[in-house]
J.: 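Quick one: this structure, given as structure tokens, is what I'll be asking you about.
Order of the sequence lines fixes the chain letters, A, B, ..., with proteins taken first and strands second; residue numbering starts at 1 for each chain.
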Amino acid sequence: MTTYLVTGVSVLGGTPCDLLLRDGRVLDPADAPRDAVTVDAEGLVALPGLVDLHTHLREPGREDAETVESGSRAAAAGGFTAVHAMANTEPVADTAGVVEQVHNLGQTAGYCDVRPVGAVTVGLDGRRLAELGAMADSAARVRVFSDDGICVSDAVLMRRALEYVKAFDGVVAQHPQEPRLTEGAQMNEGAMSGVLGLVGWPAVAEEAMIARDCLLAGHVGSRLHVCHVSTSGSVELIRWAKSKGWAVTAEVTPHHLLLTDELVATYDPIYKVNPPLRTSEDVAALRAGLADGTIDCVATDHAPHPTEDKECEWGAAAMGMLGLETALSVVQHTMVDTGLLDWAAVADRMSVRPASIGRVFDQGQPLQLGSPANVVLIDPTVVRTIEPMESQSLSRNNPFRGMELPGRVVATFLRGRPTVLDGTLL
Amino acid sequence: MRRHLLSSADLTRDDALEILDTAAELLSLADRPIKKLPTLRGRTVVNLFFEDSTRTRISFEAAAKRLSADVINFAAKGSSVSKGESLKDTALTLEAMGADAVVIRHGSSGAPHRLATSGWVRSCVVNAGDGTHEHPTQALLDAFTLRRHLGDLEGRRVTIVGDVLHSRVARSNALLLSTLGAEVTLVAPPTLLPVGVSTWPVQTSYDLDGALDKSDAVMMLRVQSERMNDAFFPSAREYSRRYGLDDRRFARLPDHAIVMHPGPMNRGMEISATVADSARSVIVEQVTNGVAVRMAVLYLLLGGSTGGQPTAEEAAL
């Protein structure tokens, strides 16, 4: 296995130093062998490899939109060394067999660790618990369970799921959406939905469910993870739940940190996503919540869709947007360049904490001697124009197309082996 | 004027007045034995209707034919659309057939906008009603009708009553009538006013009786009785009692005030039969004016490169 000597790199934005990546570990540069390949990283920032808690890889079932291989290539290109593959595949990832299949496909592809998320209920139907224990005990070692896309709205079922996963230190990742309040919902309910004549998705439908779930998690002493928080009220509720000492964590997507519902005025379904884009006030609250740690992490909710599912009228279009290859740039633009987070905090929100929530033990480790060599090198000085056709994803539903965003992934190392080098996917 | 008519918000005051003044000239045609102008001879207008609509489609059809355009009626029922053809493929088909204007009605808000901005077609796009978004030619014909009865709309008070939340007619009228200087009041139960209506250029009220005395015109919106099942109001009778224009309320209107309805009416629900058939009801006239206004829109979008009014020669025909 090739040894890499990364020279002059600023670890977490600190003083430049050298990193030796050897035998899958971060080792002392003084021990660099002669045949080590030198990576000149002057001016680059090193972070631990990014960990995504929320990725849709679409395989099995929708290989026209994404495969485990193409999605993990996109992940590597975006600086990720681990992703959590959501359960809403066809068939649903609700058995040990399916999660092991996804896990194996990830290992075969080899671009990043693919951690399957198990469905909470059989077939995502919200009626019976899936065999959570079998998925936890499988080779995929599932720790995150979610019916993402469909809220576990039944309070008793949610309580039982929260309780049950305690047996194997699991976490229930809830997609908070009160179903009756969001029937036929198309966009954020507010001034824009009224003008555009699109059915509103009110903030209260998210917030009411988060409040209930936090209370349930507090009551039964379980771990709750709140997916893609999108409103200022949700941030307040999570801040309150944390103040109670409850084991509640939360994520925010890059698109909710940057885009607002004003974009829906184009009626271009590239901006259709669930939960919907909200207002600029919500964006500000989400940024503040991520900055102060109320929101634990950034998760992409990378949701590939084939062209025909977006090239249509708004109402007929699928919900979701790509995110893996732009996440770091959006975070730099919205959080670092605005002074809300430094690079150490970015590492915390995009690697350390998501790895901890997902119980991914060899990811999200500090870049110190002996750590697993999961590393991303980024050039924060580059400004690039987002070009959807350049994506590794099979899909092109990129809402950031044409935008000028800062930062570029120069190299990604997965346990010492480069998946991206010189800005090129290997 | 722009190349498309998608929303009343696209119309400046001058744009709107140009359409209305053109429509006034064209309306005189309706009184002649030969109701036809050669203006759009050789041009093709496609009526692309994804929703059932008799009155709007035949109004556009009559308008296009009176301007001598070739008209293709493309209804979603019985066409390939019902077999699952996408809006894009339908649009490409129309483009290949050489449509100069596409008049589109669609159940999905924003579909005309999508058609106009996606690059699928080069034709002019006219929104003939999209979902719960807008219906700008209805607003234009309403403004036209109002002006014929009330003159300049500056400072005139127009009360629009009913299911504003789901009404494309209300949205388009709120924008257009405000642009023309009218003071618009939307009256509805709170459940049928959209969130964010406070940002619209209108007043709102939950109390119809309070709004009637000072109204120069009252526009009643159609209420779908199925809204009752979604708990927007408890029953059709309660709705009718609180928000219907019955004979008692009609008597309280100022003498000059007119009553409008975009049709089709639910007699006995939002409007009583007596009011609908009264001398101050202009509901049938709205239909007549609709043809003239749609002629003006098609004329200005398609033939209007020379701009403005029909030529003296054309007007004399």
J.: Closest heavy-atom contact between B:Thr132 and A:Leu198?
T.: OG1-N, 4.4 Å

J.: Using a heavy-atom distance cut-off of less than 4.5 Å, which residues of residues 109-124 of chain B contact chain A?
T.: B:Ser109, B:Gly110, B:Ala111, B:His113, B:Arg114, B:Trp120

J.: What residues of residues 187-199 of chain B sit under 4.5 Å from chain A when you count only heavy atoms?
T.: B:Pro194, B:Val195, B:Gly196, B:Thr199

J.: If you count heavy-atom pairs under 4.5 Å between each of B:Arg171, B:Glu134, B:Arg168 and chain A, which one has the most?
T.: B:Arg171

J.: Using a heavy-atom distance cut-off of less than 4.5 Å, which residues of residues 97-107 of chain B contact chain A?
T.: B:His106

J.: With a 4.5 angstrom heavy-atom cut-off, is it the side chain or the backbone of A:Val264 that approaches chain B, or both, or neither?
T.: neither

J.: Tell me whether the count of non-hydrogen atoms from other residues, nucleotides or ligands lying under 6.0 Å of CZ in B:Arg222 goes above 12.
T.: yes

J.: For chain B, which of A:Gly197, A:Ala265, A:Gly315, A:Pro269 has the most heavy-atom pairs under 4.5 Å?
T.: A:Gly197

J.: Using a cut-off of under 4.5 Å on heavy-atom pairs, state which of A:Gly200, A:Gly194, A:Ala191 scores highest against chain B.
T.: A:Gly194

J.: Please output the residues of residues 300-314 of chain A in contact with chain B, using a heavy-atom cutoff of under 4.5 Å, in numerical order.
T.: A:Lys310, A:Glu311, A:Cys312, A:Glu313, A:Trp314

J.: Taking B:Ser167, B:Gly131, B:Ala174, B:Ser108 one by one, which has the highest count of heavy-atom pairs under 4.5 Å against chain A?
T.: B:Ser108

